[in-house]
Number of protein chains: 2
Amino acid sequence: MSERSHIIVVEDEPVTRMTLTSYFEAQGYRTSEAEDSSGLDDILQSDPADLLIVDINLSGKDGLEITRELRAVSEVGIILVSARSDDVDRIVGLELGADDYVVKPFNKRELLARVKNLLRRTRAARQLTRSVRSFDGFQLDLSSRWLTSRDGKLVPLTRAEFELLAILTTHPGQVLTRERLMQGVTHRSDGGNERTVDVLVRRLRAKLERDPRSPQIISTAHGEGYIFTAALE
Amino acid sequence: MSERSHIIVVEDEPVTRMTLTSYFEAQGYRTSEAEDSSGLDDILQSDPADLLIVDINLSGKDGLEITRELRAVSEVGIILVSARSDDVDRIVGLELGADDYVVKPFNKRELLARVKNLLRRTRAARQLTRSVRSFDGFQLDLSSRWLTSRDGKLVPLTRAEFELLAILTTHPGQVLTRERLMQGVTHRSDGGNERTVDVLVRRLRAKLERDPRSPQIISTAHGEGYIFTAALE
DNA sequence: ACGGATTTGTTAAAAGTTGTTAACAAAATG
DNA sequence: CATTTTGTTAACAACTTTTAACAAATCCGT
């Protein structure tokens, strides 16, 4: 919950891209890099961002197109970056819902200030936007931390159980290693015992699965970890 | 909720000021005008703003000073406006918490887009600045410090209980450590006994929760702290 | 300022959650 | 098919929170 914010830099020019990511890493953010729209999609699939820094001139879909498509489905912060100061681009970008538009060469300290302010704003928005994940008749409310069962009853989840389920549903259909799950549950980086995850999975299965002996919602990936295998609706 | 947003323009140059207000009025916003910091304070007193457009060069307190003072007490959207593009002013303004910095002469359509985006971002935060917070049938009035229950009855809260509830509702869905809660309740920086918070939470739960045995409004984050998990309406 | 009432802080036992271990079961390997 | 590796389970240990009772501090009317 108090995790480092995740920033994705979308930029086709490698030097600029790396300059940005290393700067923001040094400032304590978690960063990813993409050189175009499809690379961005790949990252978003597995690791949703809190903020995007997108170059407006990209091969394939450009920054404006990306802004339009993302803004339709998400409230993620978007800062557009452009090599030239074009009034039309800037206005169109902002009207499509980009939060900011910065012209190269930009001052890194200024960009950092804008990123900080924007993250503060999107954090507040995320808090009041209740996001609910539904699967197999269950409803998981991420802000109230309540799980509602098939018959509408409240299923009490302990903190660790909730965190585990939250991570699993964040990455449906993807194998998550014990290490990764452990990190998410404990918020501590120190490994800890890997069998602990097994026990937590077992406890969660007891609350979720129709038949805990043949789990359909949380499946085991032998030798690798666990996968959330129910369909998210 | 669907009320017109209130924008205050703080600008000492009458022509620019009126140009802005009439433009935003035409766009469907409610506007006020102030020519300096004290005029702004007068308006804020009686009619809180959703967004401020502040010229950086003002007689008396300048735009930066206003930003610093307001940001300390409020999450209102602030857009700074300046006649010249000064890197230092811009960075300082943004680092003080201004959401944007626009250089004259600016394109009105661009400013409108920025205003729209910023209002969208601050909508959530504004809920938290209202002096009455509603959740699960309760109404907490921050100025009179009264809590009204589901059936309209007054629920007497002690000072500590009120402070605790106020902090919790200020950060809905966020884990707050005992240390953080303790600080907010006692206003002293010296740690004190952490179990004290538990006892206060217990007393508050006794007054709020339908079933204090399985709390739904103030939830425990085992090993971390407490979370306000009711929906703010 | 005094005495009673209320609020706040402290403590320790009870209850609950989380982490660990070890025996056993299941799956993979050769 | 025997062996090795990996996952499941139950029981328990370690740790955290809840609860109740009490002590200290503060508030309030006289």
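In what follows, chains carry the letters A, B, and so on, assigned in the order in which the sequence lines appear, proteins first and then strands, with residues in each chain numbered from 1.
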Out of C/dG9, D/dG7, D/dT18, minimum distance to the side chain of B/Thr186 belongs to C/dG9

Residue B/Arg202, side-chain heavy atoms: nucleotide from D/dT8, C/dT18, D/dA20 that is nearest |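 Of D/dT8, C/dT18, D/dA20, D/dA20 is nearest to the side chain of B/Arg202.
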
By nearest-heavy-atom nucleotide on DNA chain D, the more 5' of A/Ala221 and B/Ala221 is A/Ala221

OP1 or OP2 of [N] under 4.0 Å from side-chain N/O of [X]:
| X | N | answer |
| --- | --- | --- |
| B/Arg203 | C/dT8 | no |
| A/Tyr226 | D/dT8 | yes |
| B/Thr220 | C/dT17 | no |

How many Å lie between [atom1] on [X] and [atom2] on [N], as a whole number?
| X | N | atom1 | atom2 | answer |
| --- | --- | --- | --- | --- |
| B/Glu163 | D/dT26 | CD | P | 16 Å |
| B/Arg178 | C/dG9 | CZ | P | 15 Å |
| B/Arg213 | C/dA14 | CZ | P | 18 Å |
| A/Glu194 | D/dT5 | CD | P | 17 Å |
| B/Arg205 | D/dA20 | CZ | P | 13 Å |
| A/Glu209 | D/dT8 | CD | C1' | 14 Å |
| B/Glu224 | D/dC15 | CD | P | 17 Å |
| B/Leu176 | D/dT17 | CG | P | 14 Å |

Before accepting this row, confirm whether a basic side-chain N of the pair [X]/[Y] lies closer than 4.0 Å to the acidic partner's carboxylate O.
| X | Y | answer |
| --- | --- | --- |
| B/Lys207 | B/Glu161 | yes |
| B/Asp47 | B/Arg30 | yes |
| B/Asp141 | B/Arg133 | no |
| A/Arg114 | B/Asp100 | yes |
| A/Arg159 | A/Glu163 | yes |
| B/Glu95 | A/Lys116 | no |
| A/Asp50 | A/Arg123 | no |
| A/Asp136 | A/Arg210 | yes |

Checking all strands, does B/Phe162 fall into the base, sugar-phosphate, or nothing category for heavy-atom contacts under 4.0 angstrom?
->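 Counting heavy atoms under 4.0 Å across all strands, no contact is made by B/Phe162.
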
Does A/Arg150 CZ have over 12 foreign heavy atoms under 6.0 Å away?
-> yes

Quick one: does A/Arg71's side chain get under 4.5 Å of A/Ile78's, heavy atoms only?
-> yes

What bend angle does the helix from C/dA1-D/dT30 to C/dG30-D/dC1 show across its length, from five-pair end axes and to the nearest 10 degrees?
->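 Answer for the end axes of this duplex: 40°.
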
Hey, which sits more toward the 5' end of DNA chain C by its nearest nucleotide, B/Arg159 or A/Glu161?
->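 The residue closer to the strand's 5' end, by nearest nucleotide, is B/Arg159.
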
Footprint string (nucleotides 21-30 of chain C, 5' to 3'): B base within contact, S backbone only, - free, heavy atoms under 4.0 Å = B-----SS--

